[in-house]
Amino acid sequence: MPTEAAESTVERIAAPLPATAVLCSHCAAEMPAARSPRADGLAFCCSGCESAYGIIHACGLDEYYRLRDELSGERIPASQEGSRFEEFDHPTFQQLYIRPVAGACEVDFYLPAIHCAACVWLIERLPQIIPGVIDARIWMARSTVRITWHPAEVGLSRIAVALDRLGYTPHPCSADTVNSVRRQAARRELGLLAIAGACAGNNMLIAIALYAGEFNGMAAEHVTLFRWASALVGMISVFGPGLVFFRGALAAIRSKMPHLDIPLALGLGVGAIGGLFYTFTGAGEVYFDSLSVLVFLLLLGRFIQGRGQRLSAERVSLLRQLTPRRAHRVDGQEVATIPIEAVREGDLLEVHVGESLPADGTVEFGTSSVDESLLTGETLPRDVSGGSAVTAGSANLSGTIRIRVTAAAERSRVGKLAQLVEGVSRERTGVFDLVHRWSGYFVVIVLVLAIATGIAWSQVSPAKAVEHVVALLVVSCPCALGLATPLAVAVAQGRAARQKILIKGSEVFERLSRPGRVWLDKTGTLTEGKLCLHSWAGDSSIASAVIAIERESKHPIARALVSSLEGKGHRADGWQAEDIRHWQGGGISGVVDGRHVEIGSARRLEDLRWRWPTELRSAVEQSLTVGHTPVVVGVDGSVVAVAGLGDQLRPEAVDAVRALRSMGWRVGILSGDHPRIVEQVARQLAMVQDDWLGSLSPEEKLVIVRAGAEQETVVMVGDGINDSAALASASVGIAVHGGAEASMNSAMVYLAEPGLMPVIELMKGSRRTLRVIHRNLVASLCYNILAAGLAVAGIITPLVAALLMPASSLTVVGLSTLSHTFGRRS
Amino acid sequence: MSVLFVSLPVALFLAATAVGAFLWSLKKGQFDDLDTPRYRMLFDESPTKPKSTSPEGTSKSSVKPRA
């Protein structure tokens, strides 16, 4: 059976494509020209995919390919990281992340690559792939896997290597207290909802018996029995699950803030005490069924509201995402690999090319250039040498360096930024202000009405006065108000999610309905976020040699040059660059085909004093004026070509900015990049001088956004780590597609589709949603006025109350679900 | 109709038992992950599986007829 499956894999991949294209048997990516299919007909785009296929095939798990093609179009290429994960076996790591369970060990890994059922299938078969693994359970919503294994039979590093080879790079996630507290809270909420639901259902059945008895006659002792049963069930729901409303009301009174819980607690409390009194005395009306249903519907509303927020919360912390998992510590002559948690201030660490820096420090040995774009948004790397300060999270691009740690973990700059983001996120209240504002008036009106009713009826018929006041307070309990808004918000969130706009907070709609200021990040938001070749002046036959040299470098300019030139059809197959040298100050040189080739910044080539034709000099000037970075190519003593590289504006950016302006928003740019480059983009978007700012640190972005948010609605749209603090502190933070996960977590809205057009859709949808909410509030208010009027007139009975309540709830449910908010009008 | 004095408490007791069972399963973590099981039930039992791992085996076979 395994061989059959393998053959069908090959057939499937080969069939629908033209004969020339060969696809990788593992990830179905197109084969690079340098690799040819193997003798057995299988083809692999890289050695990572080959070993992933090897693992899957050897364990008889070829079913994975079939499932994957059936269930999802996406493919996961194998990881090429090739890490050995030795730090997972380090005692510090074990202590932090591993829990012992009954003769075995347990660990939770966060696997961002999990996205479909085939992933679940494959990873849960880990016990078949690695002997010694007992169980692997995936939790899709959190993208985590819980692995149980025998530490005596297999090391955790081997398990991690296998996961990595399959394309699921594991990130340890500690079972930290915040997450487990949150999970406990979610369970409790669901438990209370279950109790409230059971009480409501049973109490309605009891009430039906009582109403039937009222019409058809019923023995007095049975009436008493049912009233007592109804009281018992009603008490359970009011003082069990319903207790949250009393607590909320108490807290609101203490902080002197209007809150929906105050009128709710009032109605519930008076209804319960009055009802209990009438049950004891055997006279008067009881409303316990209404109270039970009320508690259930209100809790349901809150549960719906909380659902979106719960899902998004559990992720790996920002600090963990930015810093590498391991560091190489230099102890005398030895270099030991240790987990990041074991790094201390004063350690001497070695950082290789391509790795990111594990801690803040100063360079003691070696020269290199570091890419700090993740943290600062600056697109071009910075050169460092002995004595330079470097920050954790930046990538080391060109040479091995040794750094002396000055600040590790939480004390590093990234750590502080992470704390800032988490702090700001916690400050957010997440209440829906509108409803609470309304409920303030509500309490006053109901109380005035209740007193008036009591006084009026005590003149007419004192025996009935208390009964009518109780009835008034019960029926005017703002049930629809408590259900209307969460439901309208939940429906809008669901529709928005279908448009690939994920909204976490319910307050988003209200805030976006009044236009104010929109700040846009530049790199990755307004622009494509990657460098590409815009102009090439001079000899194009040198392009192949450029590729041959630049593919040896990890510098972003080098990578952009290689991919752009290859995209233009240039190939350097069979060319081998020799004597590659990286130069301080932005340059690389090498010997290709016997020719000495220099590639670098204008300054570097200037220093060489090579012959420089005038038209190529003006090409440098030209690309500088349009905001591009010129890269100069020289061969054997003379400059032959100038390439202009730049980040391109997204095609829809101009339209999106125009649309935002026409809706009344003031649009501006906050960028960490060089002001000259920002200015170019701002000019293309017709922005005035005050509307754009460059060279901003993440902390400065935060200050600007927070100061603005105190006066008006400030929307921040961004994608990077450097935006995450600003995203968290804005009135509404919007993280755009393709950004860092940290920004996704700190923003209230995440756009799962590329481009800026979803922002426009979000603004429009929010206005429509707020209109629906207003309509709901008016509808529920009408119901309350009607019910209160009937109660004041003394014509309300438990039966009328029991009919009015669901009728009003159904009205708002209908209004919420049928109204048009996001997406096309149905 | 005096049977009501027995049957009503019995009915309420049954309802309480059901709620209790739900709360118990909630506490055991049965409702923590509501997404993955719907994928897991789609998979057929692998015929080449060398040894059946205990907890998975039982849960899948009970779901299989629905798939």
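Chain naming here is simple, since letters A, B, ... match the order of the sequence lines and numbering starts at 1 in each.
Proximity to chain A is limited to the side chain of B:Leu23, based on heavy atoms less than 4.5 angstrom apart.
With rounding to the nearest 0.5 angstrom, the NZ atom of B:Lys27 is 9.0 Å from the CD atom of A:Gln184. Here the CZ-CG distance, from A:Phe226 to B:Leu4, works out to 4.5 Å after rounding to the nearest 0.5 Å.
Residues A:Arg187 and B:Leu26 come closest through the heavy atom pair O-CD2, 3.0 Å.
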